[in-house]
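Everything below concerns the one structure shown next.
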Amino acid sequence: MMLGVQANAQENIAIVYLSRTKNTEAVAKLIHDKVGGYLVALEKQDKYPEDYQEIVAQVDRENEEGYLPPLKTKIENLETYNIIFIGFPTWDMQLPPPMKSFLTENDLSDKIIVPFNTNAGFGVGKGFDQLIKLCPDSEVVKGLSVEGGYEKKGVYLSIKGKRKDEVSRKVDNWLKEIGISR
Ligand SMILES: Cc1cc2nc3c(=O)[nH]c(=O)nc-3n(C[C@H](O)[C@H](O)[C@H](O)COP(=O)(O)O)c2cc1C
């Protein structure tokens with residue numbers, strides 16, 4: 001979809017992302033370098049366990065129960081942003097519970113939502129579809145999904161060095177495709 005959005009006014013853009021091992025953060029920062037705006041990391045009130053197996057078990061449970069963890073992050077003046085980038089890692093082949101919380105507790109109607117994702121090589125799963133369902137009155141544009149880390153195998157931040165340059169080019173092409181430029 002071509003939006004033809006000239007993102008001149010930086011204050012119109014917010015980039016909200018969730019990141020544990022900083023891959024999604026790396027993509028968020030690349031986007032921020034290119035289009036500007038308000039960059040904000042989503043934090044929940046109680047931290048997830050450091051241990052990988054423990055967080056996987058907790059996230060599975062939360063998804064099964066439809067539990068929406070309370071967030072620490074509140075965005076002031078959300079109504080002033082008309083383009084909101086939403087970044088998240090694939091967890092349990094879907095949207096992470098804190099991102100479900102964010103999309104549920106904030107009114108994003110009439111905004112342009114631009115999703116992006118990193119994953120361990122298995123794709124975004126149900127993530128983009130769930131996001132569309134949680135933003136029924138927003139215009140959700142084509143998302144970008146790229147391979148990030150693989151914590152299960154001890155690979156944490158992988159979007160660095162040459163891989164970061166590669167992802168930067170993907171971000172450029174995607175922004176061009178969806179018509180967002182500064
Ligand atoms: C709890 C948890 C569940 C995950 N589940 C998946 C998954 O189902 N599929 C996948 O491809 N990657 C999965 N991953 C890997 C992350 O999506 C991947 O490492 C991503 O790049 C992490 O982003 P971050 O560095 O911004 O946290 C999972 C990671 C965690 C911590």
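FYI, side chains are in, hydrogens and waters are out, and symmetry mates aren't considered; it's all heavy atoms of this structure. Given the structure is predicted, the values throughout are model-derived calculations rather than measurements. All residue numbers refer to positions in the sequence shown, counting from 1. Ligands are counted one by one from 1 in listed order, and the atoms in each one are counted from 1 as well.
Here the shortest heavy-atom distance to atom 24 (P) of ligand 1, taken over I159, T21, N119, I55, belongs to T21. In the candidate list V124, V155, V56, N23, V56 is nearest to atom 1 (C) of ligand 1, counting heavy atoms.
Counting heavy atoms under 4.0 Å from ligand 1, residue Y156 does not touch it at all. At a heavy-atom distance under 4.0 Å, only backbone atoms of K22 (N, CA, C or O) approach ligand 1.
For the side-chain contact (heavy atoms from CB on, under 4.5 Å) with I75, the lone residue among V16, T80, I84 that qualifies is V16.
Atom numbering of ligand 1 starts at 1 in the shown order; those under 4.0 Å from a heavy atom of G148 are 21 (O). For ligand 1, the atoms sitting less than 4.0 Å from at least one non-hydrogen atom of F122 are 10 (C), 11 (O), numbered in the order shown with element in parentheses. Listed by atom number, the atoms of ligand 1 under 4.0 Å from S19 heavy atoms are 24 (P), 25 (O), 26 (O), 27 (O). Those atoms of ligand 1 that come under 4.0 Å of a heavy atom in E151, given as number and element, are 31 (C). Near T24, meaning under 4.0 Å from any of its heavy atoms, are these atoms of ligand 1: 23 (O), 24 (P), 26 (O).
Taking the six-membered ring for Trp and thresholds of 30 and 60 degrees, F85 and W174 have ring planes more than 60 degrees apart, a perpendicular arrangement.
Under the 4.0 angstrom criterion for non-hydrogen atoms, F88 is not in contact with ligand 1.
In terms of protein heavy-atom proximity, atom 21 (O) of ligand 1 is closest to T118 OG1, 2.8 Å. Protein heavy atom in closest approach to atom 2 (C) of ligand 1: W91 CD1, 3.5 Å. At the shortest separation from atom 15 (C) of ligand 1 among protein heavy atoms lies A120 CB, 3.8 Å. Of the protein's non-hydrogen atoms, the one nearest atom 17 (O) of ligand 1 is T90 O, 2.7 Å. Atom 27 (O) of ligand 1 has its closest protein heavy atom at R20 N, 2.7 Å. In terms of protein heavy-atom proximity, atom 18 (C) of ligand 1 is nearest to G149 O, 3.4 Å. Given atom 5 (N) of ligand 1, the protein heavy atom at minimum distance is D92 N, 3.1 Å. In this structure, atom 22 (C) of ligand 1 lies nearest to the protein heavy atom P89 CB, 3.6 Å.
Using a 3.5 Å distance cut-off with no hydrogens or angles, the side chains of Q58 and E62 do pair a donor with an acceptor. Checked by atom type, the side-chain pair S145/N119 shows a donor-acceptor distance below 3.5 Å. Side-chain atoms of S168 and K34 form a donor-acceptor pair, as typed in the model, at a separation below 3.5 Å. Remark: the E151 side chain and the Y156 side chain contain no N/O donor-acceptor pair separated by less than 3.5 Å. Using a 3.5 Å distance cut-off with no hydrogens or angles, the side chains of K74 and N106 do not pair a donor with an acceptor.
Salt bridge absent: E139 and K111 never bring a charged side-chain N and a carboxylate O closer than 4.0 Å. Ion pair E166/K170 not flagged as a salt bridge, since none of the NZ, NE, NH1 or NH2 atoms sits closer than 4.0 Å to an Asp/Glu carboxylate oxygen.
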What verdict does the side chain to side chain donor-acceptor pair (under 3.5 Å) test give for T24 and N117, after you've listed the backbone C-alpha separation in whole Å, the side-chain angles of each residue and the deciding distance to 0.1 Å? CA-CA 7 Å; T24 313; N117 162 266; over 6 Å; no

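Heavy-atom minimum distance, E54 versus P49: OE1-CB, 3.5 Å.
Not a single donor-acceptor pair under 3.5 Å links the side chain of S101 to the backbone N or O of P70.
The shortest N or O to N or O distance between L18 and ligand 1 is not below 3.5 Å. Looking at M93 next to ligand 1, an N or O pair under 3.5 Å apart turns up.
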